Amino acid sequence: MKKILNKPADFVPEMLDGLCKAYPNQLTYAEDIHCIVRADSPVKNKVALATGGGSGHLPVFLGYVGKGMLDGCAVGDVFQSPSAEQMLSVTKRIHGGKGVVYIYGNYGGDVMNFDMAAEMADMEDIKVKTVLVKDDVASAPPAEAGRRRGVAGMVFAFKVAGAKADLGGSLDEVVAVTEKALANTRTMGVALSPCTVPMAGKPTFTIGEDEMEIGMGIHGEPGMKREKLQTADQIAERMTTAILDDLKPSAGDELAVMVNGLGATPPEELYVIYRKVNQILTDKKLRVHRAYVGEFATSMEMAGASLTFMKLDAELKTLVDYPANTPFFKQV
Amino acid sequence: MKKILNKPADFVPEMLDGLCKAYPNQLTYAEDIHCIVRADSPVKNKVALATGGGSGHLPVFLGYVGKGMLDGCAVGDVFQSPSAEQMLSVTKRIHGGKGVVYIYGNYGGDVMNFDMAAEMADMEDIKVKTVLVKDDVASAPPAEAGRRRGVAGMVFAFKVAGAKADLGGSLDEVVAVTEKALANTRTMGVALSPCTVPMAGKPTFTIGEDEMEIGMGIHGEPGMKREKLQTADQIAERMTTAILDDLKPSAGDELAVMVNGLGATPPEELYVIYRKVNQILTDKKLRVHRAYVGEFATSMEMAGASLTFMKLDAELKTLVDYPANTPFFKQV
Amino acid sequence: MSETFNSQSLIGAIQRASQALIDNSEFLTSLDQAMGDGDLGITMGKVGEALLVYTKNAQPTDLGKFLMSAGMEANKAAPSTMGTLLATALMRAGKEIAGKTEFSSADAAAMLHAAFTGIQERGKANLGDKTVLDAIHPADEALSAGIASGLSLREAGLKALQAAKNGRDSVTSLQNKVGRASWLGERTKGLPDPGCNAFVVVFEAIVGK
Amino acid sequence: MSETFNSQSLIGAIQRASQALIDNSEFLTSLDQAMGDGDLGITMGKVGEALLVYTKNAQPTDLGKFLMSAGMEANKAAPSTMGTLLATALMRAGKEIAGKTEFSSADAAAMLHAAFTGIQERGKANLGDKTVLDAIHPADEALSAGIASGLSLREAGLKALQAAKNGRDSVTSLQNKVGRASWLGERTKGLPDPGCNAFVVVFEAIVGK
Ligand SMILES: Nc1ncnc2c1ncn2[C@@H]1O[C@H](COP(=O)(O)OP(=O)(O)O)[C@@H](O)[C@H]1O
Ligand SMILES: Nc1ncnc2c1ncn2[C@@H]1O[C@H](COP(=O)(O)OP(=O)(O)O)[C@@H](O)[C@H]1O
Ligand SMILES: [Mg+2]
Ligand SMILES: [Mg+2]
Ligand SMILES: [Mg+2]
Ligand SMILES: [Mg+2]
């Protein structure tokens with residue numbers, strides 16, 4: 001896969017520089033330490049929300065920094081966790097007096113570093129709580145759901161938490177509703193082609209021209225199984241079934257649905273998938289409260305898609321519908 | 001390139017079905033004739049804006065149907081013009097009493113069909129005016145600018161026209177300001193890899209692993225020249241210079257800037273490009289009034305990017321800044 | 001002694017042309033790939049299929065209306081450049097025999113002339129721009145001249161076919177001046193024009209070899 | 001008779017370990033590719049580079065602080081799982097000799113033990129989960145036992161190295177239970193654990209062969 005690059009080692013800082021130059025009124029970039037925070041940080045008397053993780057997943061993570069969603073993000077190298085020092089720096093920059101919630105994906109490096117940052121923040125009298133995103137049903141069976149990795153479902157967590165915080169929720173309230181959102185969120189994905197980490201210079205994995213990987217992670221972690229490429233309808237059904245078997249909604253339930261492109265897959269194909277997902281849900285008397293179709297959590301130029309459902313109650317519906325305005329996510 | 005597909009022949013109707021199911025409150029899909037119009041069409045006492053063109057370019061064309069932008073879109077097969085009958089149908093559905101403006105890219109099939117539709121609309125006493133988008137500097141020298149094809153610059157035309165129409169502009173006023181916008185708009189692109197039309201089943205062109213095509217069109221039309229792949233900075237400089245040489249802005253001028261991904265190129269790379277573009281403009285004392293970075297006009301899974309500048313005056317600035325809300329383009 | 005032709009002749013001509021477009025799909029695509037977007041075979045094939053469906057079991061009374069509706073079908077099936085030009089040609093040709101149940105050789109010549117004029121008006125290209133016009137224009141002139149000089153439609157048609165081929169070949173060395181191929185500039189010199197070839201395919205199927 | 005070691009010994013050990021990580025970059029990457037994200041060589045190489053820079057011309061007085069800061073540098077250079085665990089190990093080892101300008105064999109054993117405990121606390125894995133713990137834990141026990149029984153640091157170190165290698169090899173047949181590799185489930189059985197191997201690389205460089 002060809003890339004538009006300068007020196008691979010400069011990829012992340014150059015990307016961050018360009019991004020913050022594109023949205024100078026919305027984002028501030030702390031260059032020395034690769035942190036992105038809202039330009040109006042710290043927002044006083046609001047619970048602050050921080051995330052962090054490796055680069056290469058835009059809009060995840062930093063694309064969701066903005067009004068109605070996150071306050072700040074620690075940016076790692078491509079597919080690499082940021083350091084505890086970066087996370088602490090974000091924490092201090094965004095803290096508005098009501099505490100900070102860390103919301104991020106369940107990856108070893110990230111967890112350890114966020115934990116270290118939380119310990120350091122605690123020493124500076126900033127109250128930090130953590131909500132881990134573990135939505136990928138393909139990464140572990142239900143009995144070991146605690147081991148699951150965090151993928152596109154984190155966007156729903158950002159959305160719900162951001163709305164609750166903007167509405168004046170307390171630290172505990174924001175944590176509680178985000179945990180509720182995630183308890184009701186599941187994701188499943190398929191990959192058709194790999195991506196290339198600039199520093200590595202070669203694809204993260206190889207896959208046959210007629211194959212797909214069911215349940216692949218967003219860094220190219222192998223999934224549940226490799227199979228012959230199926231039709232859009234079969235893939236949609238596959239993902240829908242895997243999620244419903246795990247989430248077990250009841251007829252009449254309302255869902256937020258996200259069909260997410262991993263990078264190279266065009267939106268047209270995502271809508272073909274959505275069509276079938278919508279059909280299956282309608283057949284099962286599940287109602288789509290809101291649909292999100294597009295690129296929300298990517299792996300650079302990987303081809304493939306993921307599907308996320310979040311089961312909604314009245315509170316989650318209000319928070320999902322709440323407006324947001326970030327460089328990558330706008331809801332009116 | 002692998003695709004997530006059912007039967008290739010069903011690709012467009014299935015995509016449209018999925019899309020309209022995803023946004024039932026925003027869009028209405030006339031299934032028989034492949035037209036997408038605003039759910040609240042016709043908007044009374046507003047000049048109505050129609051576009052149309054081949055599929056495979058999302059968000060272009062139909063992604064810009066919505067408040068503050070377009071009223072309707074005739075949807076062709078992948079990379080194919082829609083028919084005059086479809087365009088006439090859109091025209092009739094969206095006409096709110098103040099006339100209709102056709103805004104679309106300068107491609108032979110589209111021009112002839114829109115012309116036929118305009119003649120037919122005229123017979124039904126609907127006043128139609130046409131504004132053709134010809135922004136691609138790579139497709140013809142300045143002396144033959146009338147031959148140029150329409151690419152990502154059309155998004156600025158939609159934005160400006162949509163705002164003017166929403167503000168109550170007359171048919172002539174909307175046409176005049178859209179023409180002014182386009183007279184100040186130029187685009188230039190590079191492609192790194194081809195895409196595959198589902199019905200054709202094989203890539204639109206072939207290109208070496210270390211090559212890029214300068215000035216390639218969004219259907220894979222060959223560009224000005226094929227070269228060794230350059231660095232992001234060189235590519236950015238190349239595109240910027242080609243546009244500035246043609247647009248000839250003066251120091252102090254303000255621009256709207258769009259860095260557009262053609263499909264497979266990740267947003268990260270687009271920001272690396274934007275960084276350099278912004279540097280060059282700053283050096284030349286040109287000011288970026290607003291930057292758009294992302295996928296605005298694509299060629300399915302083609303890798304590459306285009307750059308568009310629109311030179312702004314006070315009126316265009318107001319119209320660019322005006323809010324818009326479509327499934328693919330939201331501005332608050 | 002003037003020949004006349006009935007609806008079956010017209011339907012037969014449309015069907016032969018349609019089948020020829022389908023049969024030449026790969027050939028036309030390969031020409032369009034070299035200088036355009038490579039869809040010409042697909043679009044012409046679609047037009048052919050649509051017209052075969054349209055003419056199947058048709059028993060038209062008003063041949064003019066029949067041809068005009070054929071044009072609408074062609075446009076719906078493939079609103080590409082050539083599809084739309086072909087649709088325009090069918091509609092304009094239809095106008096020439098509006099209300100008629102049969103037509104003469106002179107009508108046939110008038111129909112080809114109307115098709116040429118329609119394509120020119122719709123596409124706004126000039127002769128020498130290396131478009132379908134450069135094949136249809138000499139054919140139009142030759143057919144009219146042949147009929148005027150008393151040749152049968154078949155004889156005049158064969159002369160017109162030769163003129164179309166000559167016209168097609170005469171522009172190969174030129175540069176395409178309009179349409180998608182024009183963006184390729186100099187690179188089009190020496191490449192046969194896809195649209196001219198499409199016309200020859202259609203016209204040869206109508207006239208016979 | 002108790003050995004003592006000065007800052008130069010400490011710096012030398014760090015530098016040998018750093019160089020070994022750089023030299024084994026491809027090897028570690030290949031192991032991580034088989035069951036993880038294939039970054040282990042890159043991240044360990046970055047840690048190695050950072051520590052070579054950090055130790056170059058260093059003249060530490062407080063060896064504890066020196067090691068703790070080395071940990072911070074390692075974390076900054078590569079905040080991956082192993083990078084962070086290694087950073088934690090350095091910081092915890094540093095705490096054991098806080099304020100000291102030289103250290104004894106017993107200190108060395110205490111440092112390795114603190115490193116082990118730190119990694120366990122930070123990563124919350126259990127023995128047998130097939131992580132770096134399964135190599136460092138037997139090394140820790142062997143080093144402490146060796147020093148307690150009067151062996152020189154080098155002799156005890158060689159025994160500990162052998163214990164680390166045995167530990168590493170003993171888990172190869174198991175399934176990875178935590179971290180990225182755990183998502184591969186059964187497929188990890190029979191594959192060597194990258195983290196265990198990274199520890200052996202580091203420890204062998206420190207102890208010598
Ligand atoms: N303006 C025009 N007038 C007449 N013929 C044209 C014009 N533009 C293009 N053509 C003809 O159309 C042919 C290409 O047809 P087609 O493949 O359908 O075009 P496209 O794919 O660009 O819509 C060209 O070879 C040329 O003969
Ligand atoms: N929770 C944990 N505790 C201790 N060691 C761990 C843990 N998780 C993973 N490891 C070790 O880390 C190694 C992988 O390191 P690394 O490549 O840095 O991980 P990642 O790329 O997932 O951040 C594994 O081989 C294992 O030995
Ligand atoms: Mg063509
Ligand atoms: Mg075409
Ligand atoms: Mg790894
Ligand atoms: Mg890693």
Side-chain angles (χ1 to χ4, degrees), chain A residues 1-7 11-12 14-19 21-23 55-56 58-59 63 78 190 192-193 195 209-210 212 229 231-233 235 259 263-276 278 288 291 293-295 298 300-301 303-305 323 325 327-328 330-332, chain B residues 1-6 11-12 14-19 21-23 55-56 58-59 63 78 190 192-193 195 209-210 212 229 231-233 235 259 263-276 278 288 291-295 298 300-301 303-305 323 325 327-328 330-332:
Chain A
M1 198 64 205
K2 293 180 211 170
K3 293 186 167 278
I4 303 181
L5 276 183
N6 295 309
K7 280 203 245 95
F11 183 61
V12 172
E14 288 183 349
M15 175 272 284
L16 288 174
D17 185 27
L19 195 130
K21 294 260 165 56
Y23 314 110
S55 292
L58 280 179
V78 176
V190 300
L192 275 65
S193 79
C195 59
E209 252 314 298
D210 57 344
M212 64 177 181
L229 184 58
T231 66
D233 282 358
I235 291 171
V259 179
T265 291
E268 285 83 358
E269 298 177 24
L270 303 179
Y271 285 103
V272 172
I273 294 175
Y274 179 72
R275 176 181 164 275
K276 182 67 183 179
N278 183 272
V288 179
V293 181
E295 293 185 357
T298 64
M300 296 189 292
E301 71 281 1
N325 185 11
F328 287 77
K330 291 181 173 61
Q331 199 167 285
V332 189
Chain B
M1 199 64 204
K2 293 179 208 168
K3 294 187 166 279
I4 304 182
L5 276 183
N6 295 309
F11 183 62
V12 171
E14 288 184 349
M15 175 273 283
L16 288 173
D17 184 29
L19 195 130
K21 292 259 165 56
Y23 314 110
S55 292
L58 281 179
V78 175
V190 300
L192 275 64
S193 79
C195 58
E209 251 315 298
D210 57 343
M212 62 177 181
L229 184 57
T231 65
D233 282 357
I235 291 172
V259 179
T265 291
E268 285 82 358
E269 297 177 25
L270 303 179
Y271 285 103
V272 172
I273 293 175
Y274 179 72
R275 176 181 164 273
K276 182 67 184 179
N278 183 271
V288 179
Y292 297 89
V293 182
E295 293 184 357
T298 64
M300 295 190 292
E301 71 281 1
N325 184 12
F328 286 77
K330 290 180 175 62
Q331 199 166 285
V332 188

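Quick caveat: nothing in here was measured; it's all calculated off a predicted structure.
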Heavy-atom pair with the smallest gap, counting every atom of [X] and [Y]:
X	Y	value
A:K3	B:L229	O-CD2, 3.9 Å
A:A22	B:A291	O-CB, 3.9 Å
B:P267	A:F328	CB-CE2, 4.3 Å
B:E269	A:F11	CG-CE1, 3.9 Å

So which part of [X] gets closer than 4.5 Å to some heavy atom of chain B, the side chain, the backbone, both or neither?
X	answer
A:V293	both
A:L270	neither
A:I235	side chain
A:D233	both

Subject >> pair B:K2-A:M212: side-chain heavy atoms closer than 4.5 Å >> reply: no

Original post:
With respect to chain B, which residue among A:T298, A:V78, A:L58, A:I273 yields the maximal number of heavy-atom pairs within a distance under 4.5 Å?
Top reply: A:L58

Original post:
Relative to chain B, which of A:G294, A:A305, A:G263, A:G56 shows the most heavy atom pairs under 4.5 Å?
Top reply: A:G56

Original post:
From B:K276 NZ over to A:E14 CD, what is the distance, rounded to the nearest 0.5 angstrom?
Top reply: 9.5 Å

Subject >> Straight-line distance of A:Y23 OH to B:Y271 OH, nearest 0.5 Å >> reply: 2.5 Å

Original post:
Can you say whether B:L5 sits under 4.5 Å from chain A via the side chain, the backbone, both, or neither, judging by heavy atoms?
Top reply: backbone

Original post:
Top residue by heavy-atom pair count (under 4.5 Å) with chain A, among B:A232, B:G63, B:P266?
Top reply: B:A232

Original post:
Do you know which of B:V190, B:N6, B:T231 has the most heavy-atom pairs with chain A at a distance under 4.5 angstrom?
Top reply: B:N6

Original post:
So, B:E268 side chain and A:M15 main chain: donor-acceptor pair closer than 3.5 Å or not?
Top reply: no

Original post:
Going through the checks in order, is the side chain to side chain contact (heavy atoms under 4.5 Å, CB included) test met by B:V272 and A:I4?
Top reply: CA-CA 8 Å; B:V272 172; A:I4 303 181; over 6 Å; no

